[in-house]
Amino acid sequence: MTLADLATQAWTASTARSVALVASDGTPHAISGEEHPALAGLPDGAPVPGEANVQVTPDGGTLVSLPVTLPPSAGTLDGGTLRALYLGGTRPGTEELAFLLSIADHAGTALHASQLIERAGARAGEQERARLARELHDSVAQALYGITLGAKTARATLDRDPGRARESLDYTIRLAEGGVSEMKALLFSLRPDALEEGV
C-alpha cells in the first residue's frame with residue numbers, strides 16, 4: 001500500500017477533516033482532505049513514539065501528530081509524522097487514535113519498503129553498468145585493438161607487399177563490422193528501441 005493510499009484510508013475512516021503523511025523535513029508525502037498550513041512544515045514538538053501530540057492550530061482547529069517510526073534496520077527511526085486535522089473543539093476518541101497509530105505504523109513500513117526498493121534499483125543499476133563495462137572490454141575494446149593492429153600492419157606492408165596489405169585491410173574491415181555488431185547488441189540490451197530509431 002502506498003503512502004497516498006494510507007493517507008486516504010486514514011482520512012476516510014476517521015472524523016478528521018484532513019490527514020497528511022509528512023516527512024521528517026516537513027515535506028508532505030501525501031495529503032487527503034482539505035489543504036491546511038498545519039499539514040506541512042516542521043512540527044512544534046515531535047511526538048513520542050506510540051503517543052499522539054495534540055495542539056490547537058492558529059485558526060482554532062485541533063492538530064493531532066503521530067510518529068511514523070521506521071524499523072531499526074532503516075538506520076533511522078524518524079520517518080516523519082502522520083497529521084490529522086480536526087474542526088475546532090473536536091478531538092479523536094481512543095479508538096480513532098489507536099487506528100491512526102496503526103496507520104502511522106503501516107506508513108513506516110511502507111516508507112522503509114520504498115527505501116529498500118530504491119536502494120535495490122540503485123544496486124541493480126551499478127551491476128548493469130559493471131556488466132556493460134565488462135562486455136565493452138571483452139568485445140568492443142578487443143575489436144578496436146585488433147583494428148589498430150590490422151591498420152598498422154597494412155600501413156607497414158603497403159609499399160613492399162600490397163597483397164599482404166590488402167589481407168590486413170580485409171581483416172581490419174571484418175573486425176570493424178564485428179565491433180559495430182557488438183555495439184548494436186549492447187545498445188539493444190540497454191534500450192531495445194534504440195535500434196528501431198536508427199541509433
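Values below: every heavy atom of this structure, side chains too, minus hydrogens, waters and symmetry copies.
The OG1 atom of Thr81 lies 8.0 Å from the CG atom of Leu21; values are rounded to the nearest 0.5 Å. In this structure, CG in Leu6 is found 11.5 Å from NE2 in His29, a value given to the nearest 0.5 Å. One distance of note links CG of Leu87 with OG1 of Thr62; it measures 8.5 Å at 0.5 Å rounding. The distance from atom CZ of Arg17 to atom CG of Leu85, rounded to the nearest 0.5 Å, is 4.5 Å. For the atom pair CD (Glu167) and OG1 (Thr157), the distance works out to 9.0 Å, reported to the nearest 0.5 Å.
Counting only heavy atoms from C-beta outward, the side chains of Thr15 and Glu96 approach each other to under 4.5 Å. Contact check for Leu63 versus Val56: no side-chain heavy atoms found under the 4.5 Å cut-off. Between Ile31 and Val19 there is no side-chain heavy-atom pair separated by less than 4.5 Å.
Remark: side-chain polar atoms of Ser14 are paired, donor with acceptor, to backbone N or O of Ala10 under 3.5 angstrom. Within the 3.5 Å criterion, the main-chain N or O of Gly33 finds no donor-acceptor partner in the side chain of Ser18.
Of the residues Thr12, Thr8, Asp5, the one that meets the side chain to side chain donor-acceptor pair (under 3.5 Å) test with Ser32 is Thr8.
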Next item on the list: Kindly indicate, with the supporting measurements, whether the criterion side-chain hydrogen bond (donor to acceptor under 3.5 Å, both in side chains) is fulfilled by Ser65 and Gln55.
Entry: CA-CA 8 Å; Ser65 298; Gln55 298 173 328; 5.1 Å; no
Next item on the list: Give the C-alpha distance, both sets of side-chain angles, the deciding distance and a yes or no for side chain to side chain contact (heavy atoms under 4.5 Å, CB included) between Gln9 and His106.
Entry: CA-CA 11 Å; Gln9 185 179 358; His106 286 302; over 6 Å; no
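One hydrophobic cluster holds both Val64 and Leu82 under the rule that ILVMFWY side chains link at heavy-atom gaps under 4.5 Å. When the side chains of ILVMFWY residues are joined at heavy-atom separations under 4.5 Å, either directly or via intervening members, Val22 and Leu66 end up in two distinct hydrophobic clusters. Both Trp11 and Leu3 sit in one connected hydrophobic cluster of ILVMFWY residues. Membership requires side-chain heavy atoms under 4.5 Å apart, directly or through other members. Under the 4.5 Å side-chain heavy-atom criterion for grouping Ile, Leu, Val, Met, Phe, Trp and Tyr, Val68 is connected to Ile103 within one hydrophobic cluster. Linking ILVMFWY residues whenever their side-chain heavy atoms come closer than 4.5 Å, directly or via other members, leaves Val54 and Leu39 in distinct clusters.
Between Thr172 and Ala151, the shortest heavy-atom distance links the atoms OG1-N, 3.5 Å. Across every non-hydrogen atom of Gly108 and Leu70, the tightest pair is O-CD2, 3.2 Å. Minimum interatomic distance between Pro67 and Ala104 (heavy atoms only, all atoms of both residues): O-CB, 3.4 Å.
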